[in-house]
Amino acid sequence: MFGKEKYSRSAFQRLKNLFITPALQSLTYQIPEGIKAEVLRLDLIHPVVSGNKWFKLRVHLETIEHRGIKQFVTFGGAYSNHIAAAAFCAHEMNLKAVGIIRGEQPARLSPTLSDAQAWGMELFFVSREQYDEPGKKRLMDLIKQRYPGAWTIAEGGFDELGIEGAATLLESLPRPLPYTHILCAVGTSAMMSGLLRAVNSPIHITGISVLKNNFQLDTDVVKFMPAGYTQPPHEILHHYHFGGYAKKTPELISFMNELYEYEEIPTDFVYSAKLFYGFYDLVRKGYFPEGSKVLIIHCGGLQGNRSLAPGSLTFPSGH
């Protein structure tokens with residue numbers, strides 16, 4: 001029994017050891033004097049489990065291992081970075097993973113889902129109506145019947161353990177944090193929720209929503225805050241969505257190529273490109289006073305780019 005436990009613990013440790021410490025990169029392109037900007041390159045920590053996905057999964061995976069659970073269920077779409085990351089981690093830890101996929105099963109799987117399936121993830125497709133049902137009660141009942149005893153990880157890691165993990169995003173940085181502002185993309189709001197927990201100082205945290213008019217995020221971002229916790233100043237900006245979730249325009253694609261040309265930072269049109277576009281627009285509009293030092297969290301994950309037509313980007317579409 002002891003030997004089995006020891007092996008089980010080492011599976012998580014072996015997975016953890018695959019990740020490298022995120023680098024900091026200074027931005028120079030179109031940054032005015034008096035403002036400093038750095039990017040936390042979470043996209044470089046692992047070629048598959050890129051960016052914040054690892055942080056939002058790590059506490060779940062460690063807990064699963066500690067409790068001896070062998071299967072987990074999680075959620076996402078056809079080009080979900082979270083699904084890809086979860087499938088890879090499950091493969092590395094010899095766990096059974098089930099991906100509840102939004103939408104009817106297509107005749108041909110997306111590259112992301114093909115990869116997830118190759119890593120051993122079972123794909124279970126559900127209608128958008130059932131997937132988007134408020135509270136997901138019917139869907140959760142179905143999952144319990146079909147996968148009894150399985151651990152559940154919320155979409156994008158937006159649950160207590162996911163946010164606990166996201167709160168470790170900044171662990172490699174010096175203390176006290178030498179920034180006046182931190183910027184991040186917001187989808188489920190799990191990453192920003194984690195940052196609110198991690199920053200025990202008056203650093204201003206700004207979220208760039210990638211969803212159209214989803215003002216519920218303003219409430220969701222503090223949903224899992226501990227009682228009595230003093231939150232740092234923060235806001236979510238809702239006007240950089242480019243039409244909504246996973247929507248894009250030629251202007252956004254052009255910006256992605258321009259940013260890569262000058263800074264060699266690859267972005268995806270779903271999340272990180274909208275974050276960086278928002279940052280540069282805020283700089284132009286004087287959002288950051290002189291003397292500001294800004295940290296931009298590159299959330300990683302380029303799966304969405306795999307849906308673009310070949311030649312759209314001047315850099316590899318990524319995995």
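Note that this is a predicted model, so its numbers are computed, not measured.
- Within 6.0 Å of atom CZ in Arg175, more than 12 heavy atoms from other residues, nucleotides or ligands are found, so the atom counts as buried in its surroundings.
- Side-chain rings of Phe242 and Tyr277 approach one another, their centers coming within less than 6.0 Å.
- Here the CD-OG distance, from Glu133 to Ser127, works out to 9.5 Å after rounding to the nearest 0.5 Å.
- Counting only distance, with no hydrogens or angles, the side chain of Thr152 and the backbone of Val73 share no donor-acceptor pair below 3.5 Å.
- Separation of the Phe288 and His181 ring centroids falls under the 6.0 Å cut-off.
- Side-chain N/O atoms of Glu122 and Tyr147 include a donor and acceptor closer than 3.5 Å.
- The one candidate from Ile153, Leu139, Ile101 that meets the side-chain contact (heavy atoms from CB on, under 4.5 Å) condition with Phe75 is Leu139.
- With a 6.0 Å radius and a threshold of 12 heavy atoms from other residues, nucleotides or ligands, Asn200 has its CG atom at or below the threshold.
- In this structure, Phe255 has its ring center at least 6.0 angstrom away from the ring center of Phe276.
- A salt bridge links Glu160 with Arg197: the distance from a Lys NZ or Arg NE/NH1/NH2 to an Asp or Glu carboxylate oxygen falls below 4.0 Å.
- Considering only heavy atoms from C-beta on, Arg41 comes within 4.5 Å of Ile265 through its side chain.
- Ion pair Lys136/Asp141 not flagged as a salt bridge, since none of the NZ, NE, NH1 or NH2 atoms sits closer than 4.0 Å to an Asp/Glu carboxylate oxygen.
- Rounding to the nearest 0.5 Å places CG of Leu44 at 7.5 Å from OG of Ser50.
- To the nearest 0.5 Å, the span separating CG on Asn52 from SG on Cys184 amounts to 9.0 Å.
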